[in-house]
Amino acid sequence: MIFFQGFYHFLPKTTAFRRDYCRSCQEVRTLTQIRTADFYHLYWIPVLPLGLWKRWKCAGCGNKPYRHTKTSRAAKAFLALVLAVITFEFWFEPDLADEFSSQELLICRIGISALLAFALVWLKRHSPELTREQGHALVPHLAIPNCLLCGGPMQRGTPDHCQICNRKHLPVPREQ
Ligand SMILES: [Zn+2]
Ligand SMILES: [Zn+2]
């Protein structure tokens, strides 16, 4: 039986902004913090209120800036290992000669070996994704005199907020 279920994000409201590194854009962007009232729904009927949730969104690409976008080194290594085992079987398992013609076997051996080669190159060229802290470190230390969302003057405070749209500036945490 299939349940139609999921989450609703009602009443989205932009409450804050910051400059930070977006993993999708691979650049420092303006991020907006969106607050929503979330509900769990079953057959499109909101049955369980989950309260207010805040999420960061990149103003450049619209994606979640802190979401992982790259395949991890471990996943690539695992894929290469699996392909290595299969490649080994195709080359050295004697029973396969009974199941396939020699031509079929040759095509399979070349194909799987090529896949293994691609997987190994992919693993070798792996460049790790920036951690959140590394991304924060790319953001210049600049005072923000005007709101990045509406251009209005900022009011000093904890935190600073825009005098026009009232959205807060929540700068990235800095290592002391
Ligand atoms: Zn982005
Ligand atoms: Zn503003």
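Whatever order the structure lists ligands and atoms in, that order sets their numbers, starting from 1. Side chains are part of it too, since the values below use all heavy atoms of this structure and drop only hydrogens, waters and symmetry mates.
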Work out the angle at the Zn ion (ligand 2) between SG of Cys162 and SG of Cys165, rounded to 10°.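 Roughly 110°, rounded to 10°.
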
Vertex the Zn ion (ligand 2), rays to SG in Cys147 and SG in Cys150 - rounded to 10°: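 It comes to 110°.
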
Would you call the rings of Phe4 and Tyr43 parallel, tilted or perpendicular, taking 30° and 60° as the class edges?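 Rings of Phe4 and Tyr43: perpendicular, as their planes differ by over 60°.
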
What's the separation between atom CD in Glu89 and atom SG in Cys108, rounded to the nearest 0.5 Å?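 Reported to 0.5 Å precision, the distance equals 12.5 Å.
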
Phe39 ring center near Phe10 ring center (under 6.0 Å):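 That pair passes the under 6.0 Å test.
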
Please check if the distance between the ring centroids of Tyr21 and His136 is under 6.0 Å.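 That pair fails the under 6.0 Å test.
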
If the Zn ion (ligand 1) is the vertex, what is the angle to SG of Cys22 and SG of Cys58, rounded to 10 degrees?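 Computed angle, vertex at the Zn ion (ligand 1), rounded to 10 degrees: 110°.
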
